Amino acid sequence: MVHFKAMAESEAGARRGILMVVSSPSGAGKTTLAHLLAQTERLEFSVSYTTRAPRAGERDGVDYKFVTEDEFSRMIDRGEFAEWAVVHGNRYGTAVHTVNRALEDGKDYLFDIDWQGGKQIRAQWPDESVLVFILPPSMAELERRLRRRATDSPEAIERRLVMAKRELEHFAEYDYLVVNDNLETALKELSSIYVGARCTRARRGHYGLALLHEAGFGDDGSLLIQGRSPARFGSVPGPTPVSITITTVKPLLFRFSRISFASSSE
Ligand code: ADP
Ligand code: 5GP
């Protein structure tokens with residue numbers, strides 16, 4: 001028997017933020033999409049730490065927090081990363097305090113991180129994480145985008161192309177796949193995934209519970225209907241329905257499997 005109270009304890013607690021992870025092979029457009037999503041939806045972009053050099057136009061504290069190898073090592077020693085990984089020869093990491101803010105303050109965060117980071121986030125926070133993999137429309141287009149971006153040296157572009165093929169293998173570890181052909185369509189799909197994640201029963205159950213409380217259910221699942229005694233209205237004396245107990249709770253469907261009737265003591 002699933003009890004109302006047990007359900008209340010699991011679902012009515014403080015809202016924990018969504019950890020929305022977006023990964024892709026380099027050049028597929030996840031950074032473009034991640035920033036657009038953070039501008040259009042109520043979730044914040046998690047600014048990672050990295051040891052890589054800033055690209056032209058990148059701002060410290062906005063795109064990344066750029067740190068030295070020594071600083072990064074010290075942060076690892078102090079346990080300041082929720083996850084970190086070596087990507088294309090540089091180290092990247094997510095601060096543990098960002099994840100804590102999501103979990104404690106109920107703030108939703110967007111993580112533009114690689115598959116190694118996605119795996120670590122999923123392993124630690126399976127219930128809070130939503131993993132989305134961005135796919136390019138074709139490998140030829142991926143190469144064109146990497147070359148057109150022209151923010152890396154020719155050697156770095158070649159390295160990213162080789163790595164992109166390896167990164168693609170990991171799409172199967174993700175919950176959702178978005179093909180970034182038309183940017184607007186891809187953004188719409190990404191937004192829909194985020195909005196959908198906010199509306200799951202696990203996240204919205206507390207609204208349902210609040211309504212049940214308002215409707216008069218007690219924590220033990222019983223509904224006390226303060227029925228007026230039929231006798232008082234001159235009708236045939238008989239039992240007044242006073243107690244309904246929910247014994248099975250299914251998603252979107254309450255099955256009232258026992259409805260008991262008892263005489264009113266009024
Ligand atoms: P990633 O973060 O996955 O490495 P970026 O977001 O930096 O990729 O995008 C790579 C390049 O492709 C950028 O120059 C970006 O402007 C461009 N781009 C992103 N999405 C699209 C799209 N749907 N169509 C065409 N170009 C795109
Ligand atoms: P770029 O150098 O192109 O900005 O990023 C290279 C790769 O590192 C991308 O796949 C990006 O998603 C990933 N990355 C960025 N920040 C982090 C992070 O904090 N952790 C992990 N694991 N990967 C990251």
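Order of listing sets the numbers, starting from 1, for every ligand and every atom in it. Note that this is a predicted model, so its numbers are computed, not measured. Sequential numbering from 1 along the given sequence is applied to the chain's residues.
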Enumerate the atoms of ligand 1 whose separation from the nearest heavy atom of Ser24 is less than 4.0 angstrom. 3 (O)

Any idea which protein heavy atom is nearest atom 10 (C) of ligand 1, and the distance to it? Gly27 O, 3.6 Å

Here the pair of heavy atoms bringing Ile113 nearest to Ser23 is O-OG, 2.7 Å

Sub-3.5 Å donor-acceptor pair from the side chain of Asn180 to the main-chain atoms of Ala28, do we have one? yes

Non-hydrogen side-chain atoms of Met20 and Leu37 separated by less than 4.5 Å: yes

Enumerate the protein residues lying less than 4.0 Å from ligand 2, judged by heavy-atom distances, in chain and residue-number order. Lys30, Ser48, Arg52, Arg55, Tyr64, Glu83, Ala85, Val87, His88, Tyr92, Gly93, Thr94, Asp112, Ile113, Asp114, Gly117, Arg160

Under the 3.5 angstrom rule, does the side chain of Gln124 hit a backbone N or O of Ala82 as a donor-acceptor pair? yes

Flag the pair His170 / Phe133 as yes when their ring centroid distance falls below 6.0 Å, and as no otherwise. no

Distance in Å, Glu214 CD paired with Leu209 CG, rounded so as to fall on 0.5 Å steps: 12.5 Å

Residue selection (non-hydrogen contact nearest atom 19 (C) of ligand 1) among Thr32, Thr185, Asn182: Thr32

Is there a heavy atom of Pro25 sitting under 4.0 angstrom from any atom of ligand 1? yes

Which residues pass the salt bridge (charged side-chain N to carboxylate O under 4.0 Å, His left out) test with Arg59, sequence neighbours left out? none

Does any N or O in the side chain of Asp60 come within less than 3.5 Å of the main-chain N or O of Phe66, such that one atom is a donor and the other an acceptor? yes

Any N or O of Asp112 closer than 3.5 Å to N or O of ligand 1: no

Side chain to side chain donor-acceptor pair (under 3.5 Å) involving Ser73 - partner list, sequence neighbours excluded: Arg91

Is the closest heavy atom of Asp181 to ligand 1 under 4.0 Å? yes

Identify the protein heavy atom lying closest to atom 8 (O) of ligand 1, giving its residue, its atom name and the separation to 0.1 Å. Gly29 N, 3.1 Å

Using distance alone, decide if ligand 1 has a nitrogen or oxygen within less than 3.5 Å of any nitrogen or oxygen in Arg149. yes

Part of Ser26 within contact of ligand 1 (heavy atoms, under 4.0 Å): both

Heavy-atom neighbours of Arg42 CZ exceed 12 at 6.0 Å: no

List in chain and number order the residues that pass salt bridge (charged side-chain N to carboxylate O under 4.0 Å, His left out) with Arg159, two or more places apart in sequence or in another chain; answer none if no residue qualifies. none

Look only at the side chain of Glu167 and the backbone of Ser26, and say whether a donor-acceptor pair between them is shorter than 3.5 Å. yes

Nearest non-hydrogen protein atom, atom 2 (O) of ligand 1: Thr31 OG1, 2.4 Å

Compare Glu184, Arg147, Arg145 and give the one whose heavy atom is closest to atom 22 (C) of ligand 1. Arg145

Closest to atom 20 (N) of ligand 1 among protein heavy atoms sits Asn180 ND2, 3.0 Å

